[in-house]
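A quick note: this is a predicted structure, and the numbers were derived from the prediction, not measured. Numbering of residues begins at 1 and proceeds along the displayed sequence. Reckoned from all heavy atoms, side chains included, excluding hydrogens, waters and symmetry mates.
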Amino acid sequence: MSLHNIDGTAICQEQTFTVTGLVVGDAVFVNPPSPTQLSPGAGRTMLATARVSAANTLALGFCNPSAVAASTVPSGTYTIFSIRTSAGG
């Protein structure tokens, strides 16, 4: 995954990544490589959403609650767990 930082003017930004085998409707759970900061403050980011936006595509929403300064999205290995629901195909 190639992650982008969140600038100081954006509250939340969604980034997409190729994850082979995902199907729209799958439930996904993502564990980031390091804890994300949940308290507001400059440079703090939190992983807010995870969804399958298209076949083989994972969309992660990262938020900068302070929107004061640019924040760094944690880099490293993200562990992804998906559950195929009946609606997922």
Side-chain angles (χ1 to χ4, degrees):
M1 296 176 139
S2 178
L3 299 166
H4 305 284
N5 291 335
I6 300 173
D7 64 37
T9 60
I11 300 285
C12 295
Q13 293 177 345
E14 188 172 74
Q15 299 178 36
T16 58
F17 308 93
T18 299
V19 179
T20 303
L22 291 179
V23 175
V24 173
D26 286 355
V28 290
F29 304 90
V30 178
N31 187 31
S34 61
T36 55
Q37 302 291 330
L38 297 180
S39 58
R44 296 187 175 167
T45 303
M46 64 182 200
L47 176 60
T49 61
R51 68 185 182 95
V52 179
S53 60
N56 302 314
T57 306
L58 175 67
L60 297 180
F62 294 95
C63 293
N64 174 359
S66 67
V68 172
S71 60
T72 303
V73 175
S75 62
T77 301
Y78 282 64
T79 303
I80 302 164
F81 178 72
S82 67
I83 299 174
R84 179 74 32 88
T85 63
S86 59

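- In this structure, Phe81 and Thr79 have side chains that are not in contact, with every pair of non-hydrogen atoms separated by 4.5 Å or more.
- Residues Val28 and Leu22 meet the side-chain proximity criterion, which asks for heavy atoms closer than 4.5 Å.
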Got a list of side-chain donor-acceptor pairs under 3.5 Å for residues 51-63, not counting sequence neighbours?
from: Arg51; atom 1: NE; to: Glu14; atom 2: OE2; distance (Å): 3.0
from: Arg51; atom 1: NH2; to: Glu14; atom 2: OE1; distance (Å): 3.0
from: Asn56; atom 1: OD1; to: Gly21; atom 2: N; distance (Å): 2.7
from: Thr57; atom 1: OG1; to: Ala55; atom 2: O; distance (Å): 3.2

